[in-house]
Chemist: 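First the structure, which I've put down as structure tokens, then a few questions once you've had a look.
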There are 2 protein chains.
Amino acid sequence: MDRSLTTDDLLCFSVYAVNHAISRLYRPLLAPLGLTYPQYLVLVALWDRDQRRVNDLGAELQLDSNTLTPLLKRMEAAGLVTRQRNPEDERSLIVTLTAKGRDLQSHAGALTTCVQDAMGEDLDELAALRDRLHALRDRLEQQ
Amino acid sequence: MDRSLTTDDLLCFSVYAVNHAISRLYRPLLAPLGLTYPQYLVLVALWDRDQRRVNDLGAELQLDSNTLTPLLKRMEAAGLVTRQRNPEDERSLIVTLTAKGRDLQSHAGALTTCVQDAMGEDLDELAALRDRLHALRDRLEQQ
DNA sequence: TGCGATTAAATCGTGTCAGACCTAATCTCA
DNA sequence: TGAGATTAGGTCTGACACGATTTAATCGCA
């Protein structure tokens, strides 16, 4: 190892580059739906479990209120979600899908198929890669 | 596959989450050096090959001038690089490391060791993961 | 030679991200 | 009960990231 470090050598850079590439892949697919990539991830989380608190969404997506608050306000302005204080604890705010937000789920299947096609044919390998990344994330969060 | 899609199912989300986790890992390590994570990646690229054009850096880092121009201006203000027009083609701008920018390379080794420790002990597995991601990036860029 | 096409950065607007801080509501326990 | 601690969101500032557009320099070819 007597040669200089290169971006190609860094796992962190591979992750960085793939994240950008995925974001660029999703952008034109999501644009017709009026969604950005992080907004789409919020929808995926809500399709799984609706009526979540901001912190709850943040824990799943690894985002804090400084990111989520304006993002959710934009989604509310776009008519995708509603934001209501919890009557039982006025500190917390419940994010709920509107009919419009729920209906977008019907597009999600075609979308993921399209993305998987772009990533390559081997679904098993993609799933294995996903699981390795998941494990890596867990190790990083233990720090 | 009759159940709903979850963020955990999406490879794209795993990449997104790991990218955030890595960024958070680097932040406190880079802060004492006065660097952000993308600025560090620019330095890594320049340590490998100095005196690069903006487009050349952008091709390696997958960034366009709209991102790189202000980023490089901040690095110039911090005394890490110089920005000079190419006398032979005034359209292009040559980014060159200063002594200060070059000297930071001596910290890079300790930094990558520290990051590898956080990611886990098995370097071979990390290298394999990196190569799989690299291949995935190539497939995505073919689109 | 000269004019349209191309190229390289820069600029502009919008949307994430994160750290630091603020405000309001709730909890806790003496 | 009530003061301090905690919790949940919101705000502010600075730094990416990207699509679209602009400006300046160069190229290509009649």
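Every heavy atom of this structure was used, including side-chain atoms; hydrogens, water molecules and symmetry mates were not. Numbered from 1 within each chain, the chains take letters A, B, ... in sequence-line order.
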Chemist: Pick one: which of A/D56, A/D50, A/D48, A/N55 meets side chain to side chain donor-acceptor pair (under 3.5 Å) with A/R52?
Modeler: A/D56
Chemist: If you compare every side-chain N and O of A/R83 against the phosphate oxygens of D/dG10 (OP1, OP2), does one of them come in below 4.0 Å?
Modeler: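 Looking at the OP1 and OP2 atoms of D/dG10, one of them is under 4.0 Å from a side-chain N or O of A/R83.
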Chemist: Using whole Å, report how far CE of A/M75 lies from C1' of C/dT16.
Modeler: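 Nearest whole value for this atom pair: 13 Å.
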Chemist: Is B/R74 near enough to D/dC16 that one of its side-chain N or O atoms lies under 4.0 angstrom from OP1 or OP2?
Modeler: yes
Chemist: Taking CG from A/L72 and C1' from D/dG9, how many angstroms apart are they, rounded to a whole number?
Modeler: 11 Å
Chemist: Might you point out which heavy atoms bring B/D103 and B/S106 nearest each other, and give the distance in Å?
Modeler: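 Closest pair (atom of B/D103, atom of B/S106, distance): O-OG, 2.8 Å.
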Chemist: Once you round it to whole Å, what is the distance between P of D/dT6 and CG of A/D89?
Modeler: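 From A/D89 CG to D/dT6 P: 17 Å.
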Chemist: List in numerical order all residues of residues 59-69 of chain B for which some heavy atom is under 4.0 Å away from an atom belonging to DNA chain D.
Modeler: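 Under 4.0 Å from DNA chain D: B/Q62, B/L63, B/N66, B/T67.
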Chemist: If you compare every side-chain N and O of A/K73 against the phosphate oxygens of D/dT11 (OP1, OP2), does one of them come in below 4.0 Å?
Modeler: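 A/K73 to D/dT11 OP1/OP2: side-chain N or O found under 4.0 Å.
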Chemist: D/dA8 P sits how many Å from A/N55 CG, rounded?
Modeler: 5 Å
Chemist: May I ask you to decide if A/L80's main-chain N or O and A/T98's side chain share a donor-acceptor pair within less than 3.5 Å?
Modeler: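 Yes, the answer is positive, given that a donor and an acceptor are paired below the 3.5 Å cut-off.
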Chemist: Could you give the CD-to-C1' distance, from A/Q39 to C/dT14, as a whole number of Å?
Modeler: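 Going from CD in A/Q39 over to C1' in C/dT14 covers 11 Å.
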Chemist: Let me spell it out: for each of A/S92 and A/H20, pick the nucleotide of DNA chain D with the closest heavy atom. Which residue's pick is nearer the 5' end?
Modeler: A/S92
Chemist: Do you know the tightest heavy-atom contact between B/G120 and B/L126?
Modeler: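 Reported closest heavy-atom pair: O-CD1, 4.1 Å.
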Chemist: Can you work out whether B/V54 or A/N86 has the more 5'-proximal nearest nucleotide on DNA chain C?
Modeler: B/V54
Chemist: Please name the pair of heavy atoms, one in B/L72 and one in B/V95, separated by the smallest distance, quoted to 0.1 Å.
Modeler: CD1-CG2, 3.8 Å
Chemist: Mind calculating the distance between OH (B/Y26) and C1' (D/dC16) to the nearest angstrom?
Modeler: 17 Å
Chemist: For A/E90 and D/dT7, give me the distance from atom CD to atom C1', rounded to whole Å.
Modeler: 14 Å
Chemist: When you check the phosphate oxygens OP1 and OP2 of D/dA15, does a side-chain N or O of B/Y40 lie under 4.0 Å from one of them?
Modeler: no
Chemist: For D/dC18 and A/S23 - does any side-chain N or O of the residue sit under 4.0 Å from the phosphate oxygens OP1/OP2?
Modeler: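 Checking D/dC18 against A/S23, no side-chain N or O comes under 4.0 Å of OP1 or OP2.
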Chemist: C/dC17 phosphate, OP1 or OP2: any side-chain N/O from B/Y16 under 4.0 angstrom?
Modeler: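 Yes, because at least one side-chain N or O of B/Y16 sits under 4.0 Å from OP1 or OP2 of C/dC17.
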Chemist: Mind checking whether A/L104 and A/Y40 have side chains closer than 4.5 Å, heavy atoms only?
Modeler: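 They are not in contact (no side-chain heavy atoms under 4.5 Å apart), so the answer is no.
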Chemist: Using atom CZ of A/R85 as one end and atom P of D/dT7 as the other, report the distance to the nearest whole Å.
Modeler: 17 Å
Chemist: Would you say A/R27 places a side-chain N or O within less than 4.0 Å of OP1 or OP2 belonging to D/dC18?
Modeler: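 Result: no.
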Chemist: Check A/K100 against A/A78 and note the closest heavy-atom contact, atom names and distance.
Modeler: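 Closest heavy-atom pair between A/K100 and A/A78: NZ-O, 2.8 Å.
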Chemist: Does D/dT22 have OP1 or OP2 sitting under 4.0 Å from an N or O in the side chain of B/R91?
Modeler: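 No, outside the criterion.
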Chemist: Report yes if the side chains of A/V81 and A/T96 come closer than 4.5 Å at any heavy-atom pair, otherwise no.
Modeler: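 SC-SC contact between A/V81 and A/T96 ruled out.
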